[in-house]
Amino acid sequence: MSAKDCGHHDEDRKKFYRHLLAFFLAFIILVLFIILLVWLILRPTKPHFILQDATVYAFNVSTLNALTSNIQITISSRNPNDKIGIYYDKVDVYASYHGQQITLPTLLPSTYQGHKDIIVWSPFLYGNAVPIAPFLTVALNQDQLAGTVLIDIRIDGRIRWKVGTFTSGRYHLYVNCPAYINFGNKNSGIAVGSAIKYQLVMDCHVDV
């Protein structure tokens, strides 16, 4: 076989690989385009969260700028989509005051939320002698004297969307629920043993 014949075969082989690569690239682009088209048609809507109530077992700040709290909340999530399901993977919930986290994160159970489904969680949020800034201690004492303390219940985690048999990658879920706790009026809550349960029913801000 001459060198000319070998060069001809090498060129044919290169053309074959180029055509094969072009075919795979075109196929991948087509699949991605179909997924994007389906996504735009379905238009997934972020879940709707509501903070229903908060039961306060402990909420005390010491003279050493340390806050101890024990709060059970009830929070619900509604999936407004009629063709898209939601996987809640690693999702934490915690409480904050004036932007400072005051409880440990509580991990919510991983779950799947079907079309138009509602999920309700009732986690406990704990914080034992959590150090807070001195100016926050002053602000917290003032709020308690005024009768109302604003605590933010925050959810931070990852979710995935499910469309038919297709499941998306993970998206960041961030939820903020304002909880106005009326410490100044015990009659505004319901006694649950030594704790006070406050009915809130507050809409939450959701970012995905």
Mind checking whether I151 and L125 sit in one hydrophobic cluster, side chains of I, L, V, M, F, W, Y counted as touching below 4.5 Å? yes

Shortest non-hydrogen contact from P178 toward D152: CA-OD1, 3.8 Å

Joint cluster assignment, I153 & I159, ILVMFWY side-chain distance < 4.5 Å: yes

Identify, with sequence neighbours excluded, every residue that meets side chain to side chain contact (heavy atoms under 4.5 Å, CB included) alongside I118. S76, R78, V120

With sequence neighbours left out, what residues match T137 under side chain to side chain donor-acceptor pair (under 3.5 Å)? N65

Which pair of non-hydrogen atoms, one from Y88 and one from P47, has the smallest distance, and what is that distance? OH-CB, 3.5 Å

List in chain and number order the residues that pass salt bridge (charged side-chain N to carboxylate O under 4.0 Å, His left out) with R170, two or more places apart in sequence or in another chain; answer none if no residue qualifies. D89

Pick from V201, T74, I190: which one makes a side-chain contact (heavy atoms from CB on, under 4.5 Å) with D53? T74

Report yes if the side chains of Y180 and M202 come closer than 4.5 Å at any heavy-atom pair, otherwise no. yes

Could you measure the distance from the CZ atom of R160 to the CZ atom of F166? Nearest 0.5 Å is fine. 11.0 Å

By side chain to side chain contact (heavy atoms under 4.5 Å, CB included), N70 pairs with (sequence neighbours left out) Y57, A58, F124, Y126

Got a donor-acceptor contact below 3.5 angstrom from the K197 side chain to the V192 backbone? no

Can you measure from CD1 (I86) to NE2 (H115) and round to the nearest 0.5 angstrom? 9.5 Å

Do you know the tightest heavy-atom contact between V91 and L107? O-CD1, 3.4 Å

Step by step, would you call D156 with H172 a side-chain hydrogen bond (donor to acceptor under 3.5 Å, both in side chains)? CA-CA 8 Å; D156 194 351; H172 182 221; 2.5 Å; yes

Counting N and O atoms only, with roles assigned by atom type, does the side chain of T68 sit under 3.5 Å from a partner on the main chain of A129, one being a donor and the other an acceptor? yes

Suppose the criterion is disulfide (SG to SG under 2.5 Å): which pairs have a residue in residues 71-140, not counting sequence neighbours? none

Hydrophobic cluster membership, with links at side-chain heavy-atom distances under 4.5 Å among I/L/V/M/F/W/Y: are L67 and V93 in one? yes

For I181 versus A54, what's the shortest heavy-atom pair and its separation? CD1-CB, 4.1 Å

Contacts of type side chain to side chain contact (heavy atoms under 4.5 Å, CB included), residue S110, not counting sequence neighbours: none

Just to verify, what does K90 make a salt bridge (charged side-chain N to carboxylate O under 4.0 Å, His left out) with, not counting sequence neighbours? D92

So, do I73 and S122 sit near enough that their side-chain heavy atoms are less than 4.5 Å apart? no

Identify the heavy atoms of Y171 and V208 that sit nearest to each other, and give their distance. CB-CG1, 3.9 Å

Find out whether N141 and Q144 are in side-chain contact, i.e. whether some heavy atom of one side chain is under 4.5 Å from a heavy atom of the other. yes

Is any side-chain heavy atom of I155 closer than 4.5 Å to a side-chain heavy atom of Y174? no

Can you list everything that forms a side chain to side chain donor-acceptor pair (under 3.5 Å) with S96? Sequence neighbours excluded, please. R154

In chain order, what residues pass the side chain to side chain donor-acceptor pair (under 3.5 Å) check against S69, with sequence neighbours excluded? none

Can a donor-acceptor pair be found, under 3.5 Å and without considering hydrogens, that links the side chain of Q100 to the backbone of P131? yes

Using side chain to side chain contact (heavy atoms under 4.5 Å, CB included), reason through I75 and F49 one step at a time and then give a plain yes or no. CA-CA 7 Å; I75 193 166; F49 281 77; 4.2 Å; yes

Pair Y97-D143, side-chain donor/acceptor within less than 3.5 Å: yes

Only pairs at least two apart or in different chains count here, so list each disulfide (SG to SG under 2.5 Å) that has a residue in residues 105-178. C177-C204

When hydrophobic residues are tied together by side-chain contacts of less than 4.5 Å, even through go-betweens, does L145 share a cluster with F59? no

Side-chain contact test, heavy atoms from C-beta onward, threshold under 4.5 Å: evaluate it for L140 versus V149 and give yes or no. yes

Gap separating the CH2 atom of W121 from the OG1 atom of T111, nearest 0.5 angstrom: 7.0 Å

Can you list the residues that meet the side chain to side chain donor-acceptor pair (under 3.5 Å) rule with N128, with sequence neighbours excluded? none

State plainly whether one hydrophobic cluster holds both I50 and I119, where clusters connect Ile, Leu, Val, Met, Phe, Trp and Tyr through side-chain heavy atoms under 4.5 angstrom apart. no

Where do W161 and K46 come nearest, in terms of heavy atoms and distance? CH2-CA, 3.9 Å

Residue pairs passing the side chain to side chain donor-acceptor pair (under 3.5 Å) test where at least one lies in residues 199-208, sequence neighbours excluded: H48-D203, H205-D207

